[in-house]
Amino acid sequence: MSEEMMEEGGVVKKFMYVNRKAPIGSIYALESLEVVLIGAAFEQDVCMVFLDDGIYQIVKGMDTNDVEMKNFSPTYRALEMYDVERLYVSKEAMEERGLTTDDLVVDVEVMDASQIADLMEEQDVILSF
Amino acid sequence: MLHTVNKSPFERNTLETCLQHAKDGSTILLIEDGVYAATEGTRFSDTIKKAMETKTVCALLPDLKARGMHEKVIEGIKLVDYAGFVDLVEQNERVQAWL
Amino acid sequence: MAIEVGGKTIETDEEGYLVNLSDWNEEVAKKLAEEEGLEMNDERWEIVNFLRDYYNEYQIAPAVRVLTKAVGKRLGKEKGTSKYLYELFPYGPAKQACKIAGLPKPTGCV
């Protein structure tokens, strides 16, 4: 990925990271976050979408002390400094989990499936986690 | 009999299959991503509440806290810590771990 | 690998970063700086403490670009330049200052 971008030098592509997995039970969420943070160095046009259990990645109040794991949910609040400012969450995913935007650690834009589908059509690259 | 469920109900059908095979009077313990089923206002809240009429439903508190879900737990679900988990295993002759 | 501070052995990884973040204190920081050939002064402490605060808040060691921007915002524009930070930490502000601050290597630094 990096080589291609280096060669094209200066071309800004639209990247979308699609997050669908709960944060702790598997490594997907952390992997995605790391790729986003590393990828931010390439100064592309990046957005993140949270669908299905991916919503749970950005809920408030996570406390991993008792399970002896690192709690990386505060890191989502650093994304803005990495110029990742557009975060979208699925309206359907929020509803079926009884969650509202007040439950989330970051500011997001809520979109329904058809809006997210439109957004996907606009991307150059979609990475799924 | 003790049944444990460790998968999110939204991602797998583990919870539903467990409930189909758990007899009245048995205990269901939600652990790991399974604890998402213990929260209020979800698509599965009614399923859990119905199960609670005939079975004991527990959830592992450290796993709820890790996921930020400890303040959204459905009323009546019994919260257990690791020692409580061990007690449940001890009290039950058989443990069926639904994965 | 390990360093000795006040008669105590503190474990570090092969690149000299602390293995346990909780081992950090000011004496450890001075020793880590010494290993880097740097002496701690007010300016360096300011950046090291800034990084520790940043880590506490976001659970991540920032990339240089992000560090530079954040320092400029918090500590003053004249300090938010890579020139200023490289003068303090010649082998890379993120890498070297993070090491002294007892943090892991910044995400994205290879």
Side-chain angles (χ1 to χ4, degrees), chain A residues 18-33 49-77 87 89-106 108 110 112-113 128-129, chain B residues 4-16 18 29-50 52 57-77 79-87 97-99:
Chain A
V18 180
N19 300 282
R20 295 186 49 249
K21 300 281 196 285
I24 296 174
S26 69
I27 196 72
Y28 289 94
L30 182 57
E31 290 282 311
S32 167
L33 187 57
V49 178
F50 298 88
L51 305 177
D52 298 333
D53 279 352
I55 298 282
Y56 287 135
Q57 294 174 21
I58 49 173
V59 295
K60 282 179 188 163
M62 289 171 61
D63 171 2
T64 53
N65 279 329
D66 292 347
V67 293
E68 292 179 2
M69 287 176 70
K70 184 173 162 175
N71 177 11
F72 55 90
S73 75
T75 308
Y76 290 95
R77 291 190 292 109
L87 307 178
V89 300
S90 150
K91 180 170 171 283
E92 291 85 352
M94 297 277 276
E95 280 171 1
E96 66 175 359
R97 285 165 186 74
L99 297 172
T100 69
T101 51
D102 288 340
D103 292 308
L104 307 178
V105 292
V106 281
V108 297
V110 181
D112 64 25
S128 197
F129 290 89
Chain B
T4 64
V5 174
N6 78 336
K7 296 292 187 302
S8 162
F10 297 99
E11 201 186 350
R12 306 275 184 92
N13 60 0
T14 312
L15 175 71
E16 283 156 304
C18 166
L29 173 62
L30 304 170
I31 59 172
E32 299 168 26
D33 283 348
V35 299
Y36 288 121
T39 59
E40 191 59 87
T42 80
R43 178 152 66 82
F44 293 94
S45 300
D46 287 343
T47 309
I48 290 288
K49 285 176 190 170
K50 188 146 186 299
M52 285 164 70
V57 177
C58 309
L60 194 64
L61 185 58
D63 285 342
L64 281 163
K65 279 164 86 176
R67 289 160 181 77
M69 293 291 128
H70 48 295
E71 279 167 14
K72 296 179 180 294
V73 179
I74 294 167
E75 215 186 305
I77 290 185
L79 301 181
V80 299
D81 57 12
Y82 292 119
F85 189 166
V86 175
D87 289 343
W98 298 90
L99 301 175

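Proteins come first, then strands; the chains are lettered A, B, ... in the order of their sequence lines, and each starts at number 1. Note that these values count all heavy atoms, side chains included, but never hydrogens, waters or copies made by symmetry.
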Contact part of A:E95 toward chain B, heavy-atom cut-off under 4.5 Å: side chain, backbone, both or neither? backbone
Taking the side chain as every heavy atom from C-beta outward, state whether B:F10 and A:I55 have any atom pair closer than 4.5 Å. no
State the CG-CD1 distance between B:D63 and A:I24, to the nearest 0.5 angstrom. 8.0 Å
So, the part of A:D53 with a heavy atom under 4.5 Å from chain B: the answer is side chain
Taking side chain as everything from C-beta outward and backbone as N, CA, C, O, which of these in A:V59 sits under 4.5 Å from a heavy atom of chain B? Side chain, backbone, both or neither. side chain
Using 0.5 Å steps for rounding, measure from the NZ atom of A:K60 to the CE atom of B:M69. 12.0 Å
Tell me, out of B:R67, B:K72, B:K7, who's got the most heavy-atom pairs with chain A below 4.5 Å. B:R67
Is A:D103 close to chain B through its backbone or its side chain, or both, or neither, when contacts mean heavy atoms under 4.5 Å? side chain
Closest non-hydrogen atoms of A:A22 and B:D33, given as atom of the first, atom of the second and distance, are CB-OD2, 3.7 Å
Measuring from A:R97:CZ to B:Y36:OH, what's the distance to the nearest 0.5 Å? 9.0 Å
With a 4.5 Å cut-off on side-chain heavy atoms, are A:D66 and B:K65 touching? yes
Residue B:E32 versus chain A: region with a heavy atom under 4.5 Å: neither
Over all heavy atoms of both residues, which pair between B:A66 and A:V67 is shortest? Give the atoms and the distance, please. CB-CG2, 3.6 Å
